Engineer: 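The structure follows.
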Amino acid sequence: MKIKIIFSVLFVAFVASCAVKRDCKPPELNLPEQIVRGIDADSITIADLHWWEYYGDTLLCRIIEKTLDNNRELLAAAAKVEQMRQLYRIDEANFAPDFKLFAFGDDERYEYHNADPKHEVELSLKGTVSWEIDFWGSLRWAKKKGEAEYLNTLGNQRAMQMLLVAEVATAYFRLVALDNELAIVRRTLTTRGESEFQAKVRFEGGLTSETVYQQAKVEYATTASLIPDLESRIKITENSIALLMGEYPDWEVIRSEMNTHPDFPDSIPIGLPTGLLQRRPDVRASEQNLRAAMADAGIAYADRFPKLTISLTGGWENNVFTSYFQSPFTYLAGSLASPVFGFGRKLAKYKAAVAAYDEARLKYEQKVLEVFKEANDAVITYKKSRETLQLMANLCDASKKYVDLAHLQYRSGSINYIDVLDAHRRYFSAQIALSNAVRDEHLALVQLYKVLGGGWQL
């Protein structure tokens, strides 16, 4: 009768433990129709390219490679991955029996009051095998949790690599743009220095008024004042790149010169929209975090039921070593430990685990929303940067022609020298705007590559 009751309880508890699988399951994302329809789109995406294939600049690739080898945060993330991998091995090993070996020797001498002295010797060699029967799935849930936590740290490491590649590329292109802007300022400063000298000569020769000369001096001083700030920003950006590479400040960052007329593609394959959920390592890490929370709920639920452990002990035990191996012994034991009165602690622990799962589920859903927003923003930014670059290129060409015409008209006496300075000022601004537009185009490509999940491939 007792055996029937025990097995009835075990069966009910086993069925009840399966409720965790029904209550805690991955959420339905309910993606909008325009995203689901992406199944007919081109499956090719730039995110499938390795970062050294995507970035054609050899110097940039060297900086990225050094960053991935030396960056302390990335190395710490790799160590975390190894830690979780070893902990996962422990969860897997918990399914196997536990083997222990004990060697014991005891030589006891004692004399009680009004009794003869006694001398007792005990020698024993015992081996024990114990195995927990995983009726309710506690060990299985623990294994799932360990696997999810390991994959979560792996996803976080890959997401960090993806972010580092993007950060290095962003800082590199900003640095190249600053170099180009400084070069423009210095060329303009040379031109305005010559204009100031000519204005001074014409003023001293009585050909122009002092106003023209002072205006030329203002233009020269204004341009010169831009150089210290640019030099400071260049140095700070170099230090930022050195930090990413795991180096101290003043590390020499070798870079290329900016091509102000790059041949950017008109269209870029971005792949299937739903593929973002598989390509983005941070999304996959968030999903594994959700699975770990689900496993936690399963462990907390199974912890409410009895634990059955079977153990087998055998060996030799005697008080004389000469006949030691002539006295073997074995015994088999089973234990069923069940909570009786916990005052609701285990139930509260289970409800807390379910609440933690709900939190992880909502964070995962929020992450999915953020990913699609980032991808949409990146596509829009790239398209608009293409339009801006073309307009800035046209503006720069027009401004250059304006300067040439202004000089011709000034020599013919048709316009004043103030108009020539205005033409130079507009051309200077147009060159800076074109440089910034090329920079923004590069940055838009970096961002698009990152949000599509590119840059973490090993």
Side-chain angles (χ1 to χ4, degrees), residues 20-21 24-27 47-48 50-52 64-100 129-134 136-168 244-246 275-303 307 349 352-353 356-357 359-361 363-364 367-368 371 450 453-458:
V20 179
K21 297 180 181 179
C24 300
K25 58 183 180 180
D48 293 333
H50 294 285
W51 56 263
W52 57 86
I64 293 176
E65 184 177 7
K66 186 174 180 60
T67 298
L68 299 182
D69 288 338
N70 294 346
N71 185 269
R72 301 302 190 271
E73 292 183 352
L74 188 60
L75 294 175
K80 182 68 174 179
V81 170
E82 178 61 20
Q83 174 193 0
M84 299 311 298
R85 188 176 72 88
Q86 297 301 331
L87 292 176
Y88 174 50
R89 290 183 60 187
I90 296 175
D91 294 324
E92 286 185 313
N94 286 336
F95 280 90
D98 186 21
F99 295 87
K100 293 181 180 179
V129 180
S130 60
W131 184 31
E132 180 181 344
I133 309 300
D134 191 29
W136 336 116
S138 178
L139 296 179
R140 291 191 296 272
W141 281 116
K143 179 183 177 183
K144 291 180 180 179
K145 178 183 178 182
E147 180 184 17
E149 289 179 339
Y150 163 63
L151 294 177
N152 173 262
T153 55
L154 184 62
N156 287 334
Q157 180 200 20
R158 291 172 173 176
M160 181 176 292
Q161 176 175 327
M162 179 184 74
L163 180 61
L164 280 175
V165 170
E167 285 186 354
V168 170
L244 290 171
M245 293 193 302
L276 280 172
L277 304 183
Q278 284 74 42
R279 292 195 304 268
R280 286 279 295 260
D282 51 341
V283 176
R284 294 160 72 175
S286 180
E287 180 183 355
Q288 294 303 328
N289 187 56
L290 174 62
R291 295 183 183 277
M294 183 191 303
D296 257 335
I299 294 172
Y301 197 92
D303 191 44
K307 292 184 178 180
K349 183 178 179 181
Y357 164 78
E359 178 186 6
R361 175 179 56 82
K363 286 184 177 179
Y364 173 69
K367 186 66 178 179
V368 171
V371 163
K450 186 193 77 170
W456 63 266
Q457 298 91 334
L458 302 178

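What you are looking at is a predicted structure, and each value in this text was computed from that prediction instead of being measured.
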Engineer: Going by heavy atoms in the side chains, are Arg284 and Leu151 under 4.5 Å from each other?
Structural biologist: no
Engineer: Compare every heavy atom of Trp51 with every heavy atom of Leu68, then report the nearest pair and how far apart it is.
Structural biologist: CD1-NE1, 3.7 Å
Engineer: What's the shortest heavy-atom distance between Ala293 and Ala360, and which atoms?
Structural biologist: CB-CB, 3.9 Å
Engineer: Taking atom types as modelled, is there a side-chain donor on Glu82 or Gln86 under 3.5 Å from an acceptor on the other?
Structural biologist: yes
Engineer: Compare all side-chain heavy atoms of Glu167 with those of Leu244 and state whether any distance is below 4.5 angstrom.
Structural biologist: yes
Engineer: Can you measure from CE (Met84) to CG (Asn152) and round to the nearest 0.5 angstrom?
Structural biologist: 8.0 Å
Engineer: Look at the side chain of Asn71 and the backbone N and O of Gly246, then say whether any donor-acceptor pair between them is shorter than 3.5 Å.
Structural biologist: no
Engineer: Identify the two heavy atoms, one from Ala300 and one from Ala353, that lie closest to each other, and give their separation to 0.1 Å.
Structural biologist: CB-CB, 4.1 Å
Engineer: Nearest 0.5 Å please: distance from the CD atom of Glu149 over to the CG atom of Asn289.
Structural biologist: 8.5 Å
Engineer: Kindly compute the distance separating NZ (Lys349) from CG (Asp296), expressed to the nearest 0.5 Å.
Structural biologist: 8.5 Å
Engineer: Are Val368 and Leu276 side-chain neighbours, meaning at least one heavy-atom pair lies under 4.5 Å?
Structural biologist: no
Engineer: Partners of Glu73 by salt bridge (Lys or Arg N to Asp or Glu O under 4.0 Å), sequence neighbours excluded?
Structural biologist: none
Engineer: I want to check something: taking the side chain as every heavy atom from C-beta on, are Lys450 and Met162 in contact at a cut-off of under 4.5 Å?
Structural biologist: yes
Engineer: Met245 versus Asn70: any side-chain heavy-atom pair under 4.5 Å?
Structural biologist: no
Engineer: Do the side chain of Asp303 and the main chain of Ile299 share a donor and acceptor less than 3.5 angstrom apart?
Structural biologist: no
Engineer: Minimum heavy-atom separation for Leu74 to Gln157, with atom names?
Structural biologist: CD1-O, 3.8 Å
Engineer: Measure across Tyr364 and Val283 and return the closest heavy-atom pair with its distance rounded to 0.1 Å.
Structural biologist: CE1-O, 4.0 Å
Engineer: Is the backbone N or O of Leu290 less than 3.5 Å from a side-chain atom of Arg361, with the two atoms forming a donor-acceptor pair by type?
Structural biologist: no
Engineer: Counting distance only, does the side-chain N/O of Trp456 pair as donor-acceptor with the main-chain N or O of Arg279 below 3.5 Å?
Structural biologist: yes
Engineer: Could Asp91 and Lys145 be called an ion pair, given the rule that one side-chain N must be under 4.0 Å from one carboxylate O?
Structural biologist: no
Engineer: Can you tell whether the side chains of Glu147 and Lys143 come within less than 4.0 Å, N to carboxylate O?
Structural biologist: no
